[in-house]
Peer 1: 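The structure under discussion is supplied below as structure tokens; questions concerning it will follow.
For the numbers below, each heavy atom of this structure counts, side chains included, while hydrogens, waters and symmetry mates do not. We count ligands from 1, going down the list as the structure has it; atoms in each ligand are counted the same way.
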Amino acid sequence: MKRFKINFSNSSTDYYLVGDIANLKKIIVFKDVVFITDENVFRYHKQKFKGRNTIVLKPGEEFKVQATVDAIIEQLIAMEADRKTTLIGVGGGVVTDITGYVASVYMRGIKFGFVPTTILAMVDASIGGKNGIDVGVYKNLVGTIRQPSFILHDHKFLNTLPETEWINGFAEIVKHACIKDAALFRQLEENSFKTFQKKKDTLRDLIQRNTVLKTKVVQGDEFEKGERRLLNFGHTLGHALENQYELSHGQAISIGMTYACHISEQLTGFKETSRVVNVLNKYGLPTYASFDKQKVFEVLKMDKKRERKEMNYILLSKIGKGIIQTIPLKKLEQILSEMS
Ligand code: ADP
Ligand code: ZN
């Protein structure tokens, strides 16, 4: 398996972007491994976990909570996991977030690696070391930043990925294109879902391009003092919507990106909202939605990007160029309330 060593500020991660989970045995001693996955991934890919220590979680964001962390820790104790143990999260973003978090706190920190099995987790959630859990309506309120030892992409997992999860992943891909990569944006305009689902090489290139894009942003600003904040495009409003309405993450940030484009029109003179909206729709994502502005704003105010009376909001100056703008909360509330 081809390996890329990616350096972060005080650790490094080995990337295997054309990998096979079976080849893990070449890089790690299986008797010291505990796999963490969820019921769906386990059900479809049971043979891959045969004879391995495996903790199987209930699927879904609602289980990305402290109670699940406690349950995992109890199982790790029962399995006699120690400082030599490596946790390997095999699943979507929920599994990788929890795995990274548990590994960061169990015995004050043990090694961990990821085999992301959703497009979203491949291009986004598994990269960058952010891990953690949700608390009530507040997404990712508690967590740490710690890089995995390795990330391995095994595209065979995508054969069982439901359509709704493909759509979720493409929301983050559109996001990457909007903030950083105008050429990628054009590629998304020119192609369609079907191309990427049918042509495995095209999909592999797309996933690699997005993996590299996110990795570079994180390398430049691991602890999110500046540039990394661009990755929050669509997420401020998105997160506020996600936990109050029955929306997937991709749907929520898609609506968030749409509104961020409109806010951009007012504050940066951005003129390409319709292109963004068209691409989002093309990949099955919602754009406009009616929601209780007041209620959503109350949650939005609690966002981690808030600094006292101001919010760092991610806007676009043009496609491929995201910018961080500080907007007073009052102004943001006014702009939002005036939008239809
Ligand atoms: P995400 O990666 O979108 O953050 P999750 O970890 O919640 O989110 O995964 C999304 C859903 O997809 C979950 O129900 C999970 O069980 C399921 N899933 C993940 N990977 C696969 C796969 N390769 N095949 C089928 N279902 C999968
Ligand atoms: Zn996201």
Side-chain angles (χ1 to χ4, degrees), residues 20-21 35-49 55-65 68 89-101 114-128 130-134 139-140 143 151-179 197 203 207 210-211 213-214 217-218 224 228-243 247-257 260 280 284-285 303-305 314 322:
D20 183 328
I21 193 171
F35 285 101
I36 299 182
T37 188
D38 75 18
E39 287 173 356
N40 293 329
V41 178
F42 188 74
R43 178 161 43 91
Y44 287 119
H45 304 278
K46 232 182 216 124
Q47 71 291 354
K48 298 196 160 89
F49 300 95
I55 297 173
V56 183
L57 309 178
K58 293 227 175 316
E61 183 81 25
E62 62 269 37
F63 295 103
K64 206 177 100 175
V65 293
T68 306
V90 184
V94 171
V95 168
T96 58
D97 274 16
I98 291 199
T99 301
Y101 184 51
F114 295 144
V115 181
T117 64
T118 65
I119 293 175
L120 188 143
M122 284 174 162
V123 302
D124 183 16
S126 70
I127 304 165
K130 277 193 192 175
N131 53 58
I133 52 172
D134 304 335
K139 277 202 54 145
N140 304 322
I151 293 174
L152 182 145
H153 288 184
D154 181 343
H155 276 249
K156 281 197 290 300
F157 281 102
L158 297 181
N159 294 338
T160 58
L161 191 68
E163 179 90 3
T164 50
E165 300 306 329
W166 277 76
I167 294 173
N168 253 331
F170 270 75
E172 303 289 358
I173 290 175
V174 174
K175 176 191 81 178
H176 287 160
C178 285
I179 58 167
Q197 285 184 328
L203 180 68
I207 288 178
N210 279 275
T211 301
L213 186 154
K214 168 139 188 192
V217 172
V218 173
E224 199 162 321
R228 185 167 181 174
R229 290 181 179 164
L230 293 180
L231 296 167
N232 292 320
F233 179 57
H235 281 59
T236 306
L237 178 62
H239 280 163
L241 290 170
E242 186 173 347
N243 283 339
L247 292 169
S248 68
H249 182 67
Q251 291 172 326
I253 67 159
S254 179
I255 297 167
M257 288 190 273
L280 291 169
L285 289 156
D303 191 280
K304 293 188 292 303
K305 271 88 69 192
I314 312 307

Peer 1: Is there an N/O/S atom in Asp124 at a distance below 2.8 Å from the Zn ion (ligand 2)?
Peer 2: no
Peer 1: Would one find an N or O of Glu61, backbone or side chain, under 3.5 Å from an N or O of ligand 1?
Peer 2: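 For ligand 1, there is no N or O atom that lies under 3.5 Å from one belonging to Glu61.
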Peer 1: Is Lys139 salt-bridged to Glu61, going by a charged N under 4.0 Å from an acidic O?
Peer 2: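 The answer is yes: the pair qualifies as a salt bridge.
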Peer 1: So among His239, His235, Lys64, which one has a side chain to side chain donor-acceptor pair (under 3.5 Å) with Asn140?
Peer 2: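 For Asn140, the side chain to side chain donor-acceptor pair (under 3.5 Å) check succeeds only for Lys64.
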Peer 1: What do you reckon, does Thr117 have a nitrogen or oxygen under 3.5 Å from a nitrogen or oxygen of ligand 1?
Peer 2: yes
Peer 1: Can you find an N/O atom of Thr118 closer than 3.5 Å to an N/O atom of ligand 1?
Peer 2: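 The answer is yes, given that Thr118 and ligand 1 share an N or O pair closer than 3.5 Å.
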Peer 1: Measure from NZ or CZ of Lys48 to the centre of the six-membered ring of Phe157 and say whether it is under 6.0 Å with the direction within 45° of the ring axis.
Peer 2: yes
Peer 1: How far is atom 25 (C) of ligand 1 from the closest protein heavy atom, and which atom is that?
Peer 2: Thr160 O, 3.0 Å
Peer 1: Tell me which protein heavy atom sits closest to atom 3 (O) of ligand 1, plus the residue, atom name and distance to 0.1 Å.
Peer 2: Glu165 OE1, 3.6 Å
Peer 1: Is any NZ, NE, NH1 or NH2 atom of the basic residue among Asp38 and Lys58 found under 4.0 Å from an Asp or Glu carboxylate oxygen of the other?
Peer 2: no
Peer 1: How close does the nearest protein non-hydrogen atom get to atom 18 (N) of ligand 1, and which residue and atom is it?
Peer 2: Val41 CG2, 4.0 Å
Peer 1: Among the N, O or S atoms that His235 has, which is closest to the Zn ion (ligand 2)?
Peer 2: NE2
Peer 1: Any heavy-atom pair between the side chains of Val123 and Lys214 that's under 4.5 Å?
Peer 2: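 With C-beta onward as the side chain, the pair stays apart.
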